[in-house]
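Quick one: structure below, then a few questions.
All values below were derived from every heavy atom in this structure, side-chain atoms included, with hydrogens, water molecules and symmetry-related copies excluded. In what follows, chains are A, B, ... by sequence order, proteins preceding strands, each numbered from 1.
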Number of protein chains: 2
Amino acid sequence: MHTEKLKQKRITRINSKVGRDINRSIILNTVRKHQPISRAEISKMTRLNKSTVSIIVSSLLNEDLLVEAPDRGGGIGRNPLDLSLKHGKHFVGAISLDAPCTRVAVVDMDGTIKARDEIFTKAVSPDTLIPQCIGRLNALRSTLGPHRFHGIGVSVAGIVDSTHSRVIHAANLQWNDVDLGAKIREHISDNDPITVENDAKASALAEVLLGTRNTASPNLIFLLLGAGIGAGIAIHGKIIAGNTHAAGEVGHMTVVEGGEPCPCGNAGCWELYASERVPVRWYAEKKQSSPASQAALTLSDVFGAARGGDVHALHAIHLWGQHIGVGIGDMIRILDPEMVVVGGAITQIWDLVSEDINDAAWGRGTFARKRTTAILPTSLPDSPPLLGAAALSIRRIFEDFSISL
Amino acid sequence: MHTEKLKQKRITRINSKVGRDINRSIILNTVRKHQPISRAEISKMTRLNKSTVSIIVSSLLNEDLLVEAPDRGGGIGRNPLDLSLKHGKHFVGAISLDAPCTRVAVVDMDGTIKARDEIFTKAVSPDTLIPQCIGRLNALRSTLGPHRFHGIGVSVAGIVDSTHSRVIHAANLQWNDVDLGAKIREHISDNDPITVENDAKASALAEVLLGTRNTASPNLIFLLLGAGIGAGIAIHGKIIAGNTHAAGEVGHMTVVEGGEPCPCGNAGCWELYASERVPVRWYAEKKQSSPASQAALTLSDVFGAARGGDVHALHAIHLWGQHIGVGIGDMIRILDPEMVVVGGAITQIWDLVSEDINDAAWGRGTFARKRTTAILPTSLPDSPPLLGAAALSIRRIFEDFSISL
DNA sequence: CTGGTTAGTTCATTGAAACAACTTATTGGT
DNA sequence: ACCAATAAGTTGTTTCAATGAACTAACCAG
């Protein structure tokens, strides 16, 4: 069986079962967002009847998705019974595919990483890498005792057709048009759902679902800086795909008119001024050391030098921040999100670049708008693409349907 | 009663009534998108049971929202009874507020303008303009015989808080922080819903709902070019508001680094290179005629000269198109929409600018992506902001709820 | 230990979708 | 002309889940 079952249900109508599923999801998400919370509070928030909440909650308790805490004490009247998500029971597999580092993890449904592993590799064929990943994943699972497994989420540094689980193009891995869903299915149970998504989009989902910058209905852009640049756009908590799965492929926005030529054929592309290679190159050029030592220079070296007060390193980093800010500014003007969240190594030196990014994004003009969109480092406690991969599967636990009119 | 009732219902749970409302909307929208269509076809598309469709359709027929055509003939078996939206019965009021021209119309629920009027004015206070608009609207309605009225939609050339029906800032009208909903409510019945929205966003909605570029779930950007620039972004047919109601306020994206200074305090803003004033100014400068005749020059003059083969006019228009394309390119890279639809006077000379816009948007590089997003003139048969205003009310007829998880 | 208060459960009621059996309308073959 | 075959649409019964009212449970203050 190589066909992809178990896609997110697309709802075209409401009947009693679908209605129940939706209400179940509403209650489950209410607990997720407001835990600990009592049945009575859920009833008030959702406007579902107390009795309805009781019935659905008891089935969620039966499924081991929720736990009931004995007591919160306090107030007048009978004490509420607090409900929370159950930990240590429902796990998902997470794989973040990239070169030179592919990560594998088993993650609890609250986003806690229970076990993790890494595979360092140059570009290799998926037929080599995928079995390796699944092997590591199974090894990790076997260390964790009994649990329910909710499938595998995969984030890929490249353009992904998530509806068909295909990788269209992944530059670092040198993959083109790979049916990743099928290749993974060969190695795992038919029952475990597989979700594949672009790394920046997955990271955005992780920030929405697992981050601590929670708001009621998050409108945010996750900007993932690495060897390239990618963005994931969440509107009301949903990730925008784009007509050709290319929403957020912002690396080739023009930020410097008449700038450096880009392999894409244009010039002045954002990627040439904002990816992680850039400050390293700028710093190396200024240092004018030997070509060999230039090539060996890493981003950590630049960060270290900057922390040590090296003027050239600081200059490279500030300039980097300014160029990042220009592109963020354009995105803010188009989408007016609540926040732009940035992920990547840059978060290590956020204090050094924050001001440059903000100033460039907003401009210095007196009429410049109040800074209504916060530009912040990610709140995720581990690699965003890895947690993003986990979030892809975790989302299915909480909301395995979507309504389309 | 000045409180705003009758907002779009925000659904937090499903019960039998809500489910029925949703299914009713699903059926009504299925007819809207696929008319003429039979009950049996609706049943197949929505996967609602035949009997359920029959019941709901009969209530829609009772409400005069649908009509039944006798017969389509053909095929084997009993012939289907075709269902279509009823015309000439359900009207909405549309007001597009702008200086120097405010438009008022009564519009059928399929988007046909039944009667229209215009008010030419400089910037005036809302307390002067609003009663005038309502007066004109009532006059138009009285010419139209009996009908059901579904409320007033208002589009404003400016930043609008549509959830509170407030105009935050409208440059041409010189309005700031106006509670437009309340001011309109003073002059009309409590039962007629009022919807206020930014003109570009409303235009986007009109293109989605009333345009002929229909697709299943439209992801499009409507770019409205006038005295300023605004965009309305539709994702799955829903208009994105933005955190501060400023999504699509793209006039101050930087498209020319180190370009002309803008009143906003930055430089090289898109508005300075792409609004309708710009080609007029460029042409006037080249012509080096007297300052008086320069000031009198209009956009139509430039278009006329270009059509007549005037080199300077053509140059101004091509340059205009190129600058428009640059900004569109950035939007495409961020959002990857199905199409970018352009509205404004520019559509009159689309054949002259189409290529400039596309070339600038996509770049000329050999590696440039295939042109996956179509850049097209609007398909709307009348002023987009006016039909946009109508669409705001028409939307409520078809879908007066939204689900929020 | 009693009355007041809030949390949570039980059970009869209600609304709507599904299902199956039916009627209606039309084509095509004999 | 008549009789399958087929498809559209309707009717009555069944099923499922949310609701509301009445109930029990737990807790507090005096």
Side-chain angles (χ1 to χ4, degrees), chain A residues 9 11-28 30-31 34 36-62 66-84 401 403, chain B residues 9 11-28 30-31 34 36-62 66-84 401 403:
Chain A
K9 283 171 239 159
I11 289 174
T12 58
R13 101 223 107 131
I14 307 286
N15 60 21
S16 53
K17 277 179 194 168
V18 173
R20 163 59 68 102
D21 277 358
I22 295 174
N23 285 338
R24 199 193 93 112
S25 277
I26 288 170
I27 289 177
L28 191 51
T30 306
V31 175
H34 300 97
I37 186 173
S38 68
R39 292 165 176 78
E41 289 171 295
I42 294 173
S43 172
K44 272 175 209 145
M45 295 187 71
T46 60
R47 307 187 48 209
L48 282 162
N49 193 282
K50 283 197 298 176
S51 48
T52 309
V53 173
S54 268
I55 292 166
I56 295 179
V57 162
S58 76
S59 81
L60 290 171
L61 287 167
N62 262 332
L66 300 184
V67 282
E68 202 171 48
D71 196 315
R72 207 186 320 181
I76 202 169
R78 173 177 172 175
N79 286 352
L81 298 167
D82 277 340
L83 300 164
S84 307
F401 64 87
I403 295 196
Chain B
K9 283 172 238 159
I11 290 174
T12 58
R13 102 223 106 129
I14 306 286
N15 60 22
S16 54
K17 278 179 194 167
V18 174
R20 163 57 68 104
D21 278 357
I22 294 174
N23 285 339
R24 199 193 93 113
S25 278
I26 288 170
I27 289 177
L28 192 51
T30 306
V31 175
H34 301 97
I37 187 174
S38 68
R39 291 165 177 78
E41 288 171 296
I42 294 172
S43 172
K44 272 174 209 145
M45 295 187 69
T46 61
R47 307 188 49 210
L48 282 161
N49 193 281
K50 282 198 299 175
S51 52
T52 309
V53 173
S54 268
I55 292 167
I56 294 178
V57 162
S58 76
S59 82
L60 290 170
L61 287 167
N62 262 332
L66 299 184
V67 282
E68 200 171 50
D71 196 314
R72 207 187 320 180
I76 201 169
R78 174 176 171 176
N79 286 353
L81 298 168
D82 276 340
L83 299 165
S84 307
F401 64 87
I403 296 196

Output the rounded distance in Å from CZ (B:R20) to C1' (D:dC16). 15 Å
Donor-acceptor contact present, side-chain A:S43 to main-chain A:R39, <3.5 Å: no
On DNA chain C, compare the nucleotides closest to A:N79 and B:I76; which residue's is nearer the 5' end? A:N79
Can you tell me whether the side chain of B:R78 and the base of D:dA8 have a donor-acceptor pair closer than 3.5 Å? yes
Of A:R47 and B:G77, the one whose nearest nucleotide on DNA chain D sits closer to the 5' end is B:G77
Rounded interatomic separation in angstrom, taking CD1 from B:I27 and P from D:dG9: 13 Å
Atom NZ of A:K50 to atom C1' of D:dA25: distance rounded to whole Å? 11 Å
So, for A:V31 and A:L83, which heavy atoms are closest and what is the spacing to 0.1 Å? CG1-O, 4.0 Å
Report yes if at least one side-chain N or O of B:S54 is closer than 4.0 Å to OP1 or OP2 of D:dT10; otherwise report no. yes
Atom-pair distance (CD1 on A:I55; P on D:dC16), nearest Å: 14 Å
Grab the CD1-P distance between A:I26 and D:dA18 for me, whole Å please. 10 Å
Distance in angstrom units between A:L81 CG and D:dA26 P, rounded: 10 Å
Between D:dA17 atom P and A:N49 atom CG, what is the distance in whole Å? 16 Å
When A:S38 and A:S16 are each assigned the nearest nucleotide of DNA chain C, the 5'-most assignment goes to A:S38
Is any side-chain nitrogen or oxygen of B:N15 closer than 4.0 Å to OP1 or OP2 of D:dT19? yes
For DNA chain C, which nucleotides open and close the run of contacts to chain B, 5' to 3', at under 4.0 angstrom from a non-hydrogen atom? C:dG15 to C:dT27
Expressed as a whole number of angstroms, how long is the span from B:E41:CD to D:dA8:P? 8 Å
With respect to the phosphate group of D:dT19, does any side-chain polar atom (N or O) of B:R13 fall under 4.0 Å of OP1 or OP2? yes
